[in-house]
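Report on one structure; see the data block that follows.
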Amino acid sequence: MKNLVQDGNTVELTAPADVEPGDIVNVGVIIGIAVHGALTGDPVQTRLEGVFNKLPLKAGDAFTAGVLTYYDAAAKMLTTTVGSNKKFGVALGGGKFRLNGSF
């Protein structure tokens, strides 16, 4: 295929803030997980699909298997509240989350 640039599971974005490996990266409507650390404005390889754990979670929300999850950019954590938050993926239970790169 002549026009395929990459598989799209990992893309380079500009870090909107300082990030550490495993941090959530949010650029516009794109949400992913930082593959490595980067300073604000630097390029950061960002994973757009996969299953992740050890993510910041809103206290009191029930992240049971099958529940849609959203990213609250102001609080910088996952929540089950839709509101103006951006879709992240789905909870798998046991503290694991599937990031859905198609949102």
Side-chain angles (χ1 to χ4, degrees):
M1 183 179 320
K2 294 180 182 181
N3 57 348
L4 180 66
V5 177
Q6 65 187 70
D7 67 14
N9 291 328
T10 303
V11 297
E12 184 178 283
L13 298 174
T14 300
D18 291 356
V19 295
E20 297 293 327
D23 284 354
I24 296 173
V25 176
N26 178 207
V27 176
V29 298
I30 303 169
I31 296 181
I33 303 294
V35 174
H36 58 83
L39 300 176
T40 304
D42 286 348
V44 59
Q45 291 296 317
T46 307
R47 182 77 187 212
L48 302 181
E49 294 181 340
V51 175
F52 301 89
N53 64 2
K54 299 181 182 175
L55 298 172
L57 307 176
K58 181 178 177 185
D61 282 8
F63 295 98
T64 55
V67 171
L68 283 174
T69 58
Y70 303 86
Y71 181 64
D72 180 339
K76 297 186 178 185
M77 62 180 54
L78 296 183
T79 180
T80 58
T81 303
V82 179
S84 61
N85 299 318
K86 298 173 184 172
K87 279 188 180 176
F88 179 85
V90 64
L92 299 176
K96 296 178 186 170
F97 298 87
R98 181 177 183 275
L99 177 58
N100 189 339
S102 66
F103 308 141

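The structure displayed is predicted, hence computed values, not measured ones.
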Going by heavy atoms in the side chains, are [X] and [Y] under 4.5 Å from each other?
{"X": "V90", "Y": "N100", "value": "no"}
{"X": "T69", "Y": "D61", "value": "no"}
{"X": "L78", "Y": "Y71", "value": "yes"}
{"X": "Q6", "Y": "V11", "value": "yes"}
{"X": "M77", "Y": "L57", "value": "no"}
{"X": "T14", "Y": "V27", "value": "no"}

Partners passing side chain to side chain donor-acceptor pair (under 3.5 Å) against D18 (at least two apart in sequence or in another chain):
T40
What residue among L55, V25, D23 forms side-chain contact (heavy atoms from CB on, under 4.5 Å) with I33?
L55
Shared ILVMFWY cluster between F52 and F63, side chains joined below 4.5 angstrom?
yes
Dump the intermediate steps for side-chain contact (heavy atoms from CB on, under 4.5 Å) on T81 and D72, then the final yes or no.
CA-CA 9 Å; T81 303; D72 180 339; over 6 Å; no
Rounded to the nearest 0.5 Å, how far apart are [atom1] of [X] and [atom2] of [Y]?
{"X": "K86", "Y": "T79", "atom1": "NZ", "atom2": "OG1", "value": "14.5 Å"}
{"X": "L99", "Y": "K87", "atom1": "CG", "atom2": "NZ", "value": "13.0 Å"}
{"X": "N85", "Y": "L68", "atom1": "CG", "atom2": "CG", "value": "12.5 Å"}
{"X": "R98", "Y": "L92", "atom1": "CZ", "atom2": "CG", "value": "8.0 Å"}

Measure from the side-chain N and O atoms of N3 to the backbone N and O of V5, and report whether any donor-acceptor pair falls under 3.5 Å.
no
All heavy atoms of P43 vs all of E12, minimum pair found to be CB-CD, 3.6 Å
Taking all heavy atoms of A38 and all of A15, pick out the closest pair and write down the distance.
CB-CB, 4.1 Å
